[in-house]
Structure formats: C-alpha cells, structure tokens
Amino acid sequence: MSRVYNFSAGPAVLPEEVLKEAAAEMLDYRGTGMSVMEMSHRSKAYQAIIDQAEADLRALMGIPENYKVLFLQGGASQQFAMIPMNLMKNKVADYIITGQWAKKAWQEASLYGQANAVASSADKTFSYIPDCSDLPISENADYVYICENNTIYGTKFKQLPNTKGKDLVADVSSCFLSEPVDVSKYAMLYGGVQKNIGPAGVVIAIIREDLITEDVLPGTPTMLRYKTHADHGSMYNTPPAYGIYICGKVFRWLLDKGGLVEMGKYNEKKAAVLYNFLDSSRLFRGTVVKKDRSLMNVPFVTGDQALDAKFVKEAEAAGFVNLKGHRTVGGMRASIYNAMPIEGVEKLVQFMEKFEKENR
Ligand SMILES: *Cc1c(COP(=O)(O)O)cnc(C)c1O
C-alpha cells in the first residue's frame, strides 16, 4: 500500500486513523455482525452513531442550545435552493459575490425572490474579499449570504460582514471545522462535508431554531423543508448513514487532537509553510491578496501555462496529486485541509524548490 499526498479540493484527503478504524469495523461493527452500511437506520446501533456524531459536533463547535444540527443530502448546491425556499419570507435577500459558489447561490435565489448582489470581487477575478463594513443592506432583507471560504479562488472572510442586524447565512463547505467559530454570529451555516470532514453525500446545516418554521415559500417540497428534517432528527427518510458515521469518526479525531483551537493553530502553521515559500519564490506566486488568503485552498501560478502544466505533471509523478487549478482559473491549487499533514506541505515545498532551480 502506498498513499499519495492528495491536494484535491474535494472529495479530499481524510485522516488515515479514521480510514483505518472504518476498515477495521467494516465487516463487523462492534459485535453487530454487519457493516454500518448494511444496518437499518432505525436500529439502536445506528441511533447511537448519529446521536454521538451530533453531540461531538456540538462539543467541537460549541453550538448553542437554540441551534439545530441537520444532516442532509443533495450537496451544498441543494442548499442554494433550500435557503431561499425556507428563509426568504419577505422574498428579499442580499448576496456577497466572492466566487462561483456564491454566484451560483445568488442565481438560484433569484428563482424565488429578489436576490441583490450587494458586493462583488468579480472585477479582479475574485482574488480578494470586498470591504463589507458598510454595505447597502436592504431594509427588508431576510438574510445576508456569504460563501465564507472560496474553494476555487482561495480567499476567506477574515471578518464577517456587517449585516446591519440582518441574519447571516454562510456556506462554510471548505472551511468547516478548520478553526474555532462563534456559531451565534450566524443565523445558519452549512457545508458539504466532502471538503474538510467526510465522504461526499452529506451536508451539515446548523440553523437557529426560530428560523425553522412552516412558513416556507408555497410549493416547497416536504423533503426541502428544514422543519421536516428537524422534526425527525435528520431521519425523516433514510439518511446518508455511512457518511454520517465517517463524519462522526472525524469529529472524534478532531476532539482527540484538542479541538478547533488546536486545529486552527496547526492549519495556520501549515499554510504559512506554503505561503512563505510562495512569497520568496522567484518562479511561483500566490494569486490572492495577502490579507484575504485562505488557510485551506492555496492557488498559485508560475505565469507560464506550459510551465504550470509541466509542474503538475512532474508533481504527480513524485506523489503530489490533484494540484491542477480549477478549470476556470488554471494554474495550480493546493488544498491543505485538516487531514493534510504538515509533512505533506513541507515536502511539496521542497519539490517546488527543486522544480524552481531546474526551470528558471
Ligand atoms: C464544493 C463546494 C460547493 C458545491 O458542493 P456540492 O456538494 O458539490 O454541491 C459549494 N460551496 C462551496 C464553498 C464548495 O467548496
């Protein structure tokens, strides 16, 4: 067996300890004589798994009592519709456009009401986070929406926008559990877990209870109402049972590592290894405004497309895989999520140093 350093943006690297534990439990989960995959979601054994997962997530993030944790399906993309269907009571919402995912969410919301783009960084290929200290927030906005960490462009909100008292909704797909978070500052935060937590197929939504009501847009399907899932402990229908089980193991792994404070410090240190190199390199450079750099997704270029392609190819042969940038931006991107060990980033930098010497 040989594992590579996987810099994929998602689905992405998972902790080796978690994968080994899941492998050991594959055929016989704790004396049940079956895999978690084969288990009824209505069984006692499974109820214990989902309950523990929720409890551990609440402990990790310090989720206040008045917030519900929902395990959903449909990807982060389905939330682009569920959010307006459930939360756009006045049919008005303000969106901050910092990349493709925010833009898609905004476009989807436009199907249901008046979705205003109140700020955007499209003018400079989304390489920065706009000043959000005094935005023209709509008087009757139901919420203000952000994509907190922009997976494709490598930017992150270091400070949440001033919503002028309106509820904040955030897509945290690619920064979920990467550092401490104050949940009470959000009305809702959510993310697909395949970036920083678990296998594709699970979405976690954390929503303030008072927002989960029957007052949804007319025609909202039962399955797309938060209330349906909240009222049934995320088991109105069959949940993505195995995926939730793996997420639960990752929550445990994080708690064992000292929780989000420790993880945040580790991520700062890890990202600094790569950013410091990029800032001193005479071949490679980062593409994002320094103060807005993501700790999770690090895009970089040489400035020469042919050389970028050569780098990606040689890196892959050396065991550093999935470094090709998003198809819309080109260049390279290293996603260095929680489960990427610092040694992976150090070795990548050594490889980049060598490539730089050979190609300048
Ligand atoms: C990947 C990603 C999405 C889309 O997720 P799906 O689960 O594929 O729908 C949305 N938002 C962000 C920030 C992402 O990184």
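Computed from heavy atoms alone, side chains included, the values below leave out hydrogens, waters and symmetry copies. Counting begins at 1 with the first residue of the sequence. Whatever order the structure lists them in is the order used to number ligands and atoms, beginning at 1.
Remark: Lys195 is positioned above the aromatic ring of Trp101, its terminal NZ or CZ atom under 6.0 angstrom from the ring centre and at most 45 degrees off the axis.
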Check residues 240-247 and write down every donor-acceptor pair under 3.5 Å in which the side-chain atom is one partner and the other belongs to a residue at least two apart or another chain.
unit_1	atom_1	unit_2	atom_2	d
Tyr245	OH	Glu25	OE1	2.5

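One finds no salt bridge joining Lys166 and Asp142 here, because no Lys/Arg side-chain nitrogen approaches an Asp/Glu carboxylate oxygen to under 4.0 Å.
Within 4.0 Å of ligand 1, protein heavy atoms belong to Gly75, Ala76, Ser77, Phe80, Trp101, Cys147, Asn149, Thr151, Asp171, Ser173, Gln194, Lys195, listed by chain and number.
For Lys158, the side-chain contact (heavy atoms from CB on, under 4.5 Å) partners two or more places apart in sequence, or in a different chain, are Lys156.
Val289 shares a hydrophobic cluster with Tyr128; the chain of contacts runs through ILVMFWY side chains whose heavy atoms sit under 4.5 Å apart.
Proximity of Asn359 to Phe311: side-chain heavy atoms (C-beta onward) are nowhere separated by under 4.5 Å.
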